[in-house]
Amino acid sequence: MSDPPSTSAGNGASPFPPIADYGFLSDCETTALVAPNGAVEWMCLPRMDSPSVFGALLDRDAGSFRLGPADVVVPAARRYLPGTMVLETSWGMRGGWIIVRDVLLIGPWHHEGERSRTHRRSPTDYDADHVLLRLVRCVNGEVQVRLDCEPVFDYGRGFADWEYAGAGYHEGVATGAGTGFELRLTTDMNLGFEGPRATARTLMKAGDTLFAALSWSEHRPPADYDEAYDRMVWTAHHWQHWLDHGDFPDHPWRTYLQRSALTLKGLSYAPTGALVAAATTSLPETPGGERNWDYRYSWIRDSTFALWGLYTLGFDWEANDFFYFIADVAEAEQGQLQIMYGIDGESELDERELDHLSGYDGARPVRVGNAAYGQSQHDVWGAVLDSVYLHTKSRDHLPERIWPIMVKQVEDAIAHWREPDRGLWEIRGEPRHFTSSKLMCWVALDRGARLAEIRADSRRAEEWQRIADEIRDDICANALDERGVFTQHYDTDALDASVLLMPLVRFLEPDDERIRKTVLAIADELTVDGLVLRYRVHETDDGLSGEEGTFTICSFWLVSALVEIGELGRARALCEKLLSYASPLLLYAEEIDPRSGRHLGNFPQAFTHLALINAVMHVIHADEDAYQSQFERDLLRSRYGR
């Protein structure tokens, strides 16, 4: 692969597009990122955690698939068709205009004659087609259009061998030596092969159309433009119908909620119900730095936030699928949960470095797998218990098969809550008595006690509530500094954004002075230009070097926490600021550089979009309550002159 380029984040000289400029596609089995120039630069097949076939995101020589005008690389405009995952790019040139639409096709359920080998959730009316479809229409003038499809299999290690299929020049098959994987490219353009690249070039005139379909399974790709267009429309309508099931407030921020919902759905793996943390690996948290991780896995800790967001917006089916993914994993592990799993429930996620890749804008190492799966993190028990409690409240029912697993989680929290761990942020330094870990152990006992009450198990309910109170007393005795502010862990005065969860999980009442002081201290002291850091890296032994950007999930947590303590004006202002940092397509990476506004880290990030939903709904509901209270006061004054 190519040598690492010089890091140039922010100066415009880099060959890598800014992270926020990528478009995101999904069929709920695989995902793709499309650069502004029309090139698919990240796509892993056959599923979202597989090796990449297009990996230019991490090395300019690791494969891409461009379809667009031959001599122009900057589009006039980009958008999603409203309510869909269909990406539309408009191109204007001196000679004419074209519009390109990209989509990962979804069609009707395929497995009528035989059962699926991958699906563990209940069959639905729809299923991934395993086709990346690209449609082009010339709206006026004349435009020279070029197709360049150069897959490089196995994270940029296996170049493609192309050969024609069928009659004529409209279908090519690419195979990678030793991969056992095959790609089929079908188009109404005339294909040619230049070594590992399939190419085509044609002059389009006003009213002309063309299509290109890349497929990778037994599902048949479109045979011509008319069929391709019909299948694109079917997919677009599927996304719009799915979105119609949500409950979105009639509010100016509605579009952010809808795009976040679509993004979360796109980050879900339909066969099992898993939700990946992000679509990518090794996009850097620090430009040119080493904080590069593989996020194409499902974290147990995300479960509570996922269910919060999905239930809040009315997507009970998706919440149910994710809940039962967690239940399946817990049952398979006999309750001995890791912090994270593969999207099919895999427990071993061995981490390795791909030294042959240059990394995004020179950021190395490039990692696949994630060694954090072997860490001991005490937040996992609270995340699971809170998820089950939310699920039970939503359905007024706790499945019998789940209860023994929950008892095991509570017992593990009881056995280990006094021990140090590596905390919510998976630090690679020495274990500590992290406040957030103790907090989530309290959540495990508190929610366990509530579930025991639902089951009329008074003995367990009383015992677990007593231990929950003991944990709370321990936190209050050891995690407060001299100001009465909760700190990162028991042996420091350093702040940590994870304690913003305290008012959100109802550890103490929001009007408790300790909660108020903590939220305001983080807002004033752990921020850069108003955006929240996870922690100060010079105060935290995280086993890494270099700086990192502000964590957007933490900033959205601060919005919710400010609402909880009654600082509605400050919360609304911060929420407006955060929404202004959204990508042009309303997507978010993991972090934001507050100085430049550039997005950093893996993209798009489920955790960020989940926190956005929670924060936006906090502000909207608080505004509605404030308006109602003011209306009632005005009504009293008008009636009684008060």
Could you tell me if [Y] and [X] have a donor-acceptor pair between their side chains, going purely by distance under 3.5 Å?
X    : Y    : answer
S260 : H609 : yes
D496 : W425 : yes
E419 : H433 : no
E346 : Y341 : no
S560 : N614 : yes
S14  : D361 : yes

Hey, what's the ring geometry for [X] with [Y], parallel, tilted or perpendicular (30° and 60° as the breaks)?
X    : Y    : result
F507 : W442 : perpendicular
F607 : W557 : perpendicular
F325 : F322 : parallel
H416 : W381 : parallel
F603 : H599 : perpendicular

(message) Using the rule given for side-chain contact (heavy atoms from CB on, under 4.5 Å), can you reason through L132 versus M43, listing the C-alpha separation, both sets of side-chain angles and the distance that settles it, and then say yes or no?
(response) CA-CA 10 Å; L132 170 64; M43 191 172 182; 4.0 Å; yes
Verdict with reasoning, E285 to F551, per side-chain contact (heavy atoms from CB on, under 4.5 Å) = CA-CA 9 Å; E285 298 174 12; F551 262 63; 4.0 Å; yes
Interatomic distance, [X] atom [atom1] to [Y] atom [atom2] [nearest 0.5 angstrom]:
X    : Y    : atom1 : atom2 : value
S498 : I553 : OG    : CD1   : 10.5 Å
I19  : L57  : CD1   : CG    : 7.5 Å
N320 : H391 : CG    : NE2   : 5.0 Å
C575 : L579 : SG    : CG    : 4.5 Å
S387 : R447 : OG    : CZ    : 10.5 Å
F323 : L390 : CZ    : CG    : 10.0 Å

Mind running salt bridge (charged side-chain N to carboxylate O under 4.0 Å, His left out) on E564 and R506 for me, showing each step along the way? CA-CA 10 Å; E564 291 284 348; R506 295 295 185 264; 3.1 Å; yes
When you compare the side chain of [Y] with that of [X], does any pair of heavy atoms fall below 4.5 Å?
X    : Y    : result
V407 : V410 : no
M502 : L439 : yes
D493 : V485 : no
E525 : L495 : yes
S347 : Q338 : yes
Y588 : F556 : yes
S50  : T30  : no
F24  : M85  : yes

Is a side-chain donor or acceptor of [X] paired with a backbone partner of [Y] at a separation under 3.5 angstrom?
X    : Y    : answer
H378 : L424 : no
T527 : D529 : no
Q605 : A589 : no
R60  : A56  : yes
R157 : D154 : yes
D379 : S437 : no
N478 : D474 : yes
S282 : R367 : yes
S268 : L275 : no
T487 : L480 : no

Atom of [X], atom of [Y] and distance for their closest heavy-atom approach:
X    : Y    : result
A479 : T435 : CB-OG1, 3.4 Å
V499 : F486 : CG2-O, 4.1 Å
R514 : C476 : NH1-SG, 3.6 Å
S358 : F16  : OG-CZ, 4.3 Å
L104 : A32  : CD1-N, 4.2 Å
Y297 : G342 : CD2-CA, 4.0 Å

Presence of salt bridge, [Y] and [X], under 4.0 angstrom:
X    : Y    : answer
R534 : E590 : no
D328 : R401 : yes
K265 : E318 : yes
R47  : D49  : yes
E430 : R422 : no
D355 : R364 : no

Quiz item: Would you say the ring centroid of F54 lies under 6.0 angstrom from that of W42?
Solution: no
Check your understanding: Does the pair F434 and D421 meet the rule for a side-chain contact (heavy atoms from CB on, under 4.5 Å), with working shown?
Key -> CA-CA 7 Å; F434 285 100; D421 74 337; 3.6 Å; yes
Subject >> Step-by-step side-chain contact (heavy atoms from CB on, under 4.5 Å) determination, V40 to L33 >> reply: CA-CA 6 Å; V40 177; L33 295 187; over 6 Å; no
inquiry  = Counting only heavy atoms from other residues, nucleotides and ligands, does the tally under 6.0 Å from CZ of R595 exceed 12?
reply    = no
Audit row: Y155, D59, side-chain hydrogen bond (donor to acceptor under 3.5 Å, both in side chains) steps and yes/no
CA-CA 9 Å; Y155 297 114; D59 190 298; over 6 Å; no
The residue among D294, T280, N292 that forms side-chain hydrogen bond (donor to acceptor under 3.5 Å, both in side chains) with N602 is T280
Only one of L558, D593, L578 passes side-chain contact (heavy atoms from CB on, under 4.5 Å) with L531, and that residue is L578
